[in-house]
Amino acid sequence: MGRLLRVVGISTAIVLMASAAQAAGVSEQHRSTAVVGGYGGYLNPDLSNSGINQGFPNETVPILDAEAFLVGLDAFWNGWHGDSLATQLDFNAQATSDLAYDPQEPTSGQWVNGAVHVAYRNPELFAVGAFGAAQRASYDWDALGMALAGAEGQAYLDDLTIYLQGGVAFTSPADPDFSNYRDYGAFAFVRGVLRYFLTDNLKLSAEGTYGEGEIGYYTFSGQNGDDPEHEGAVVPGKFAMARLGVDYRPDDGDASFFAAYEASYLTQSWDEVTRSSLNQRVLAGVKVDFGAETLKSRDREGVTWDVPNVVGAIGQSAQSDFCFISECRYPLDPTP
C-alpha cells in the first residue's frame, strides 16, 4: 500500500501545480446549481468461495451467486464564492432487494454517502480541490463505516474532461469482544474519469478505480474473563471498480436520462488461499438540473465532482470472508 500512497501523493502534487493558472469568472446564472436524480437497476454478485461449513461433519453447502434489484437516490449542490472558489455537497443512497446467497437466509444491502468538495475552479481550463466523505455499506448482518479524504482535479480540453482523484479510506480500530470480528485498516485508492461531450447535451463517460489495504480477521480463543484473547491474521486486500455510462438531456428540458454499467471487484489472499467477489450492476435513471442549461455547463460551472462507492467495494469482504474456527456460520467461509 505504501507504493500506492506515493502514487496518490505524486498525482496530487502534479494536479496542484496547475493552480497557478489564471482563473476565469463563473456565469452569474451558475453561482448556485443543483442536481437531483433517481435510478433503478439490477445487481449480480459472483463469489469465488467454495462453500459454507454448517458445523456438521463433511457437510458443505455451496455458496450461491445472487441477484437482486436496486434503487438509488442522488442529490448534489454547488455554490460559488467569488469567481474562483466553489463548494459542492453530495448525498447518495442505494438499497437492494433480497440477496439469496443462502436460500434460507436472504439478505439485503444498503449504501449511504455524504461528501463535501472545496475547489479552485476555472471553467475554461481546469479545477483542483480536496474532498472529504463519510460512507456506510451494510449487508444486514454486517456494516462498515469509513471516512474518506483526498485530492482531485479536472482538466478541460474542449469537449473532453479528464478527472483524476486520489485518497484514503479509513476507520477506527475494531473493539474486540467475545466473538469473531474484522478489523479494517486504511485503504489508499486512485481514480481516473473521462467524460466526452458529443454535443453539449450528450455525454459519454468511462472510469476506473484501484485501491489497496488490509483486513484483519480474528476469532475469540480465550476463556471467559475480563480480557478476551483472539487469534487470526491480517489479510492484504485489493479492489478495482469500473463504470461506463451515457447521459442525454433534451435541449428543451431540465431532465436528463442516463444508463450505466458498473463493476466492483475485491480479492484477498492469505496462506495461499484466495477469496474474491465481483459485483456487477446495470442502472438506468433520470436527473433534474436546477440552474444548469446543458450537461456541459453543469460539468464546467456546476455540479462536477463525485465520490465512488469505495466502502461498498471494501465491504464485499463480508461476502468472501476468512475465518479461523472449526464451525463458521454464514457468511464466514472456513480457511483450509
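In the hydrophobic cluster analysis, where Ile, Leu, Val, Met, Phe, Trp and Tyr join through side-chain heavy atoms closer than 4.5 angstrom, V35 is grouped apart from V193. V303 and W80 are assigned to two separate hydrophobic clusters, defined by single-linkage of ILVMFWY side chains at heavy-atom distances under 4.5 Å. A single hydrophobic cluster is not seen to contain both L43 and W111; linkage of ILVMFWY side chains at heavy-atom distances under 4.5 Å, directly or through other members, places them apart. L202 and Y196 end up in the same hydrophobic cluster when Ile, Leu, Val, Met, Phe, Trp and Tyr side chains are linked at under 4.5 Å. Tracing side-chain contacts under 4.5 Å through hydrophobic residues (I, L, V, M, F, W, Y), one reaches L160 starting from Y248; they form part of the same cluster.
Nearest approach of V310 to A169, heavy atoms of both residues: CG1-CB, 4.1 Å. Shown here for D90 and H117, the closest heavy-atom pair between the two residues is OD2-NE2, 2.7 Å. Closest of all the heavy-atom pairs between N201 and T294 is OD1-CA, 3.2 Å. Between A186 and V168, the closest heavy-atom pair is CB-CG1, 4.0 Å. Closest heavy-atom contact between P45 and N279: CB-OD1, 3.1 Å. The minimum heavy-atom distance linking R136 with A143 is given by the pair NH2-CB, 3.3 Å.
For the atom pair CG of D247 and CZ of R249, the computed distance is 11.5 Å after rounding to the nearest 0.5 Å. L295 CG to K287 NZ: the interatomic distance, rounded to the nearest 0.5 Å, is 9.0 Å. Distance NZ/K203 to OG/S256: 8.0 Å, rounded to 0.5 Å. Rounding to the nearest 0.5 angstrom, the gap separating the CG atom in L148 from the CZ atom in F170 is 8.0 Å. Atom OG of S205 is separated from atom CZ of F197 by 9.0 Å, given to the nearest 0.5 angstrom. Distance check: L198 CG to D159 CG gives 8.5 Å after rounding to the nearest 0.5 Å.
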Pair Y39-V286, side-chain contact (heavy atoms from CB on, under 4.5 Å): steps then yes or no: CA-CA 6 Å; Y39 58 88; V286 60; over 6 Å; no

With side-chain contact (heavy atoms from CB on, under 4.5 Å) as the criterion, how do Q165 and F131 come out once you've worked through the C-alpha distance, each side chain's angles and the decisive distance to 0.1 Å? CA-CA 9 Å; Q165 187 179 60; F131 69 92; 3.6 Å; yes

Under the criterion side-chain contact (heavy atoms from CB on, under 4.5 Å), I'd like the reasoning laid out for T209 against F239: C-alpha separation, chi angles, the key distance, then a yes or no. CA-CA 8 Å; T209 303; F239 70 86; 4.1 Å; yes

Before giving the answer on side-chain contact (heavy atoms from CB on, under 4.5 Å), spell out for D306 and R191 the whole-Å C-alpha distance, their side-chain angles and the decisive distance to 0.1 Å. CA-CA 11 Å; D306 56 14; R191 178 186 181 216; 2.8 Å; yes

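At distances below 3.5 Å, not a single donor-acceptor pair connects side-chain atoms of E214 with backbone N or O atoms of D183. Proximity of a side-chain donor or acceptor of Q280 to a complementary backbone N or O of S264 within less than 3.5 Å is not detected. No side-chain donor-acceptor contact under 3.5 Å links D289 to the backbone of A292. Checking side-chain atoms of Q135 against main-chain N and O of P308 turns up a donor-acceptor pair under 3.5 Å. Side-chain N or O atoms of T171 include one that pairs as donor or acceptor with a backbone N or O of G145 at under 3.5 Å. Between the side chain of Q88 and the main chain of T304, a donor-acceptor pair closer than 3.5 Å is present.
Using a 4.5 Å heavy-atom threshold, the side chains of N78 and R298 count as separate. Side-chain contact between Q94 and R281: present, with at least one pair of heavy atoms (C-beta onward) separated by less than 4.5 Å. Counting heavy atoms from C-beta on, the side chains of L73 and N92 never come closer than 4.5 Å. Here the side chains of S32 and F290 are not in contact, with every heavy-atom distance at 4.5 Å or above. In this structure, L125 and Y156 have side chains that are not in contact, with every pair of non-hydrogen atoms separated by 4.5 Å or more. Using a 4.5 Å heavy-atom threshold, the side chains of D299 and R195 count as touching. No side-chain heavy atom of D74 sits less than 4.5 Å from a side-chain heavy atom of F91. Residues F187 and I215 meet the side-chain proximity criterion, which asks for heavy atoms closer than 4.5 Å.
With sequence neighbours excluded, the residues satisfying ring pair (Phe, Tyr, Trp, His ring centres under 6.0 Å) with Y163 are W305.
With respect to R243 and E262, a salt bridge is recorded, a charged nitrogen being found less than 4.0 Å from a carboxylate O.
Between T161 and Q154, the side chains place no donor N or O within less than 3.5 Å of an acceptor N or O (distance only, hydrogens not considered).
Ring geometry for F69 against Y42 counts as perpendicular: the plane angle is over 60°, on a 0 to 90° scale with 30° as the lower cut.
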